[in-house]
Student: 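Quick one: structure below, then a few questions.
Any value given below was found using the heavy atoms of this structure, including those in side chains, with hydrogens, waters and symmetry copies removed.
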Amino acid sequence: MKDLYSTHEAQAKLSEILRKVRSGRTVRISHRGEPIAEIRPIEGNPTGWEGRVKELTDQGVLVRSGSPRGRLAPVQKKPGALKRFLAERNQ
């Protein structure tokens, strides 16, 4: 069974809700009696560095380079991307 909290209760009892989610339960949040959100454990959550690298590789974000050590390389290199990002942010 899914637990149901109003938005006010959810604000006051976030720690309790997160404990329930960590234990595998799903919690719903309602506004004026209508469910508006659901908090549940992440399915297939990779653990550790290797799990995260595998997930990013599967998504195509990282690719194995041709080096014998199998180093990871970004899919695209865009020189100056950080500088452009910061310039746009400051505008």
Side-chain angles (χ1 to χ4, degrees):
M1 180 168 162
K2 296 178 182 174
D3 295 291
L4 183 65
Y5 290 84
S6 70
T7 52
H8 179 72
E9 287 176 312
Q11 287 177 332
K13 298 181 179 182
L14 181 61
S15 295
E16 176 183 325
I17 290 170
L18 294 177
R19 275 193 298 279
K20 289 181 179 187
V21 171
R22 279 195 307 267
S23 72
R25 294 168 70 175
T26 298
V27 175
R28 284 192 172 183
I29 310 297
S30 67
H31 181 70
R32 297 184 180 179
E34 291 293 319
I36 59 167
E38 190 171 84
I39 304 172
R40 58 182 167 73
I42 297 173
E43 296 175 14
N45 188 19
T47 56
W49 171 251
E50 290 83 12
R52 183 67 175 142
V53 168
K54 182 181 179 332
E55 180 182 322
L56 292 173
T57 303
D58 292 347
Q59 292 173 1
V61 175
L62 293 175
V63 294
R64 296 270 178 202
S65 69
S67 74
R69 293 181 58 161
R71 293 184 182 205
L72 296 172
V75 175
Q76 275 187 337
K77 273 190 173 180
K78 292 186 179 179
L82 178 59
K83 188 181 278 186
R84 285 192 304 275
F85 169 77
L86 293 174
E88 288 175 10
R89 194 174 105 186
N90 291 330
Q91 289 180 358

Student: Would you give the length of the straight line joining atom CG of D3 to atom CD of E38, rounded to the nearest 0.5 angstrom?
Tutor: 11.0 Å
Student: Return the minimal non-hydrogen interatomic distance between I29 and A10, and the atom names on each side.
Tutor: CD1-CB, 3.5 Å
Student: Quick check: closest heavy atoms across R25 and P41, and the distance to 0.1 Å?
Tutor: O-CD, 3.5 Å
Student: Measure across R40 and V21 and return the closest heavy-atom pair with its distance rounded to 0.1 Å.
Tutor: C-CG1, 3.6 Å
Student: What is the distance from atom CZ of R89 to atom CZ of R84, rounded to the nearest 0.5 Å?
Tutor: 16.0 Å
Student: Let me see the working for K20 and E16 under salt bridge (charged side-chain N to carboxylate O under 4.0 Å, His left out), right down to the final yes or no.
Tutor: CA-CA 6 Å; K20 289 181 179 187; E16 176 183 325; 3.7 Å; yes
Student: To the closest 0.5 Å, what do you measure between NE2 (H31) and NE2 (H8)?
Tutor: 13.5 Å
